[in-house]
Number of protein chains: 2
Amino acid sequence: MGRHAMISDSELMQKLSVVFRHKGFSGASLADLAAATNLKRASLYHRFPEGKSQMAMEVLIAAKDQMMNYVLAALREDASAEIRISRMTERLNSFYLNGEQGCFLNVLASNIIQDNRLASEVKLILGLLIGEIEYFLQQTGFSKTLAQTRAQRIMMLLQGSLVMCRGMQSSKPFQDFIKNLKDELLKQ
Amino acid sequence: MGRHAMISDSELMQKLSVVFRHKGFSGASLADLAAATNLKRASLYHRFPEGKSQMAMEVLIAAKDQMMNYVLAALREDASAEIRISRMTERLNSFYLNGEQGCFLNVLASNIIQDNRLASEVKLILGLLIGEIEYFLQQTGFSKTLAQTRAQRIMMLLQGSLVMCRGMQSSKPFQDFIKNLKDELLKQ
DNA sequence: GTCTATAGTAAGATAGAC
DNA sequence: GTCTATCTTACTATAGAC
């Protein structure tokens with residue numbers, strides 16, 4: 001075969017991400033990851049010399065970037081609070097494919113106390129996401145403590161809805177979460 | 001070694017449960033499970049001829065029984081709604097060891113689309129738990145639809161708090177959930 | 001950059017002694 | 001009921017050709 005990349009970096013991340021979200025970290029074998037990307041295992045090692053941990057780490061960081069720079073970035077745009085929320089909600093919905101795509105943070109949180117680097121990154125990212133929602137709520141006029149509590153609660157509801165989707169084999173819990181998100185953010 | 005059980009059935013379930021909750025289904029190897037129970041792999045196969053799936057299934061059913069017949073059973077006892085709630089909350093707290101013990105449903109939901117029998121059981125159990133909370137809320141005077149919505153929301157918050165505990169490496173999210181549970185159930 | 005081939009290890013599972 | 005020993009398969013990882 002050729003000497004050039006058969007798959008772009010972003011496409012590669014996307015395909016790896018699907019496998020990890022679906023099978024979890026330990027459940028995803030190199031055979032699975034290779035099949036999903038149409039590469040052989042040795043080719044994956046060429047791109048990720050540290051193997052599966054590195055793949056998971058890079059996928060995780062890509063997810064963080066998308067959440068921070070695209071989904072939650074909507075909350076900092078120049079528009080009314082309501083419009084910013086509905087843009088964010090829309091992007092969140094597409095990020096999780098209406099609840100049919102699991103959450104990598106979620107999966108890793110249930111799997112990876114072993115790998116310290118991954119565990120730290122998960123912790124860091126959860127803090128960033130909550131911080132971003134908290135910042136929005138404070139800008140909107142809520143007190144620091146209320147903003148903090150509420151941001152944590154929203155993250156709990158999001159993660160919980162995704163667990164419920166998998167457990168109930170239905171995307172309804174996530175869709176309900178999406179439907180109530182604006183109220184959950186702005187209610188008095 | 002002897003011809004008699006080295007470990008009681010309930011102790012066995014308990015030890016297996018810890019491993020599954022900590023490492024997930026695919027992450028838990030027979031070596032792990034054997035080490036935790038002080039049995040050899042072959043001895044585990046004697047008790048669970050179908051191997052790991054069967055262990056997970058039996059652990060799962062034991063957890064369901066404890067949740068239904070002990071934790072949530074508090075909601076059907078003969079006392080005021082407030083007292084029933086605080087008994088249930090107390091038992092829930094001890095069931096999850098103040099948030100330091102992960103949730104098997106949660107872990108399985110993030111891991112086990114593969115095994116259909118486990119997936120069905122998880123779905124069934126989630127339905128039972130929600131149904132039990134819903135029943136309590138209806139008895140307390142809430143409408144059927146409100147009871148339903150609220151019961152689902154509480155299960156989302158519970159699962160979400162446990163995900164957050166693992167992700168943040170802190171038991172605070174679960175403790176906050178416990179603190180707010182009565183309000184979450186009874187608020188107008 | 002991708003491949004085939006293969007080494008080495010750990011996994012799940014079984015047979016048979018005690 | 002538990003053990004040691006073993007089988008087979010699947011996994012991670014590496015070496016080297018193109």
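Hydrogens, waters and symmetry mates are skipped; everything else that's a heavy atom, side chains included, is used. Letters go in sequence order (proteins before strands), and every chain restarts at 1.
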Could you name each residue pair satisfying salt bridge (Lys or Arg N to Asp or Glu O under 4.0 Å) that touches residues 37-49 of chain A, not counting sequence neighbours?
-> A:Asp9-A:Arg47

What salt bridge (Lys or Arg N to Asp or Glu O under 4.0 Å) pairs are there with at least one residue in residues 94-117 of chain B, not counting sequence neighbours?
-> B:Glu50-B:Arg117

Looking at residues at least two apart in the chain, or sitting in another chain, which of them share a side-chain hydrogen bond (donor to acceptor under 3.5 Å, both in side chains) with B:Glu121?
-> B:Lys64

Between C:dA11 atom P and B:Phe25 atom CZ, what is the distance in whole Å?
-> 14 Å

Among residues 37-51 of chain B, which contact DNA chain C at a heavy-atom distance under 4.0 Å?
-> B:Arg41, B:Ala42, B:Tyr45, B:Gly51

How about A:Phe25 and A:Leu118: do any of their side-chain heavy atoms sit closer than 4.5 Å?
-> yes

Sequence neighbours excluded, which residues qualify as side chain to side chain contact (heavy atoms under 4.5 Å, CB included) partners of B:Leu186?
-> B:Glu82, B:Ile85, B:Thr140, B:Phe142, B:Lys182

For B:Asp115 and C:dG12, give me the distance from atom CG to atom P, rounded to whole Å.
-> 14 Å

Residue pairs fulfilling salt bridge (Lys or Arg N to Asp or Glu O under 4.0 Å) with at least one residue in residues 10-29 of chain B, sequence neighbours excluded | B:Lys23-B:Asp32

Using side chain to side chain contact (heavy atoms under 4.5 Å, CB included) as the criterion, list what pairs up with A:Asn98, not counting sequence neighbours.
-> A:Asn93, A:Gln175

Return the polar atom pairs (N/O with N/O) between nucleotides 8-10 of chain C and the protein under 3.5 Å, or none.
none

Mind checking who shares a hydrophobic cluster with A:Val163, ILVMFWY linked at side-chain heavy-atom distances under 4.5 Å?
-> B:Val163

Taking side-chain hydrogen bond (donor to acceptor under 3.5 Å, both in side chains) as the test, write out the residues that go with B:Gln152, two or more places apart.
-> none

In whole angstrom, what separates A:Leu30's CG from D:dA13's P?
-> 6 Å

Could you identify which residues of residues 8-21 of chain A place a heavy atom less than 4.0 Å from some atom of DNA chain D, listed by residue number, or say none?
-> none

Taking distance alone, no hydrogens or angles, what donor-acceptor pairs closer than 3.5 Å link side-chain atoms of residues 130-137 of chain A to residues at least two apart or in another chain?
| residue | atom | partner | partner atom | Å |
| --- | --- | --- | --- | --- |
| A:Glu132 | OE1 | A:Arg76 | NH2 | 3.4 |
| A:Glu132 | OE2 | A:Arg76 | NE | 2.4 |
| A:Glu132 | OE2 | A:Arg76 | NH2 | 3.4 |

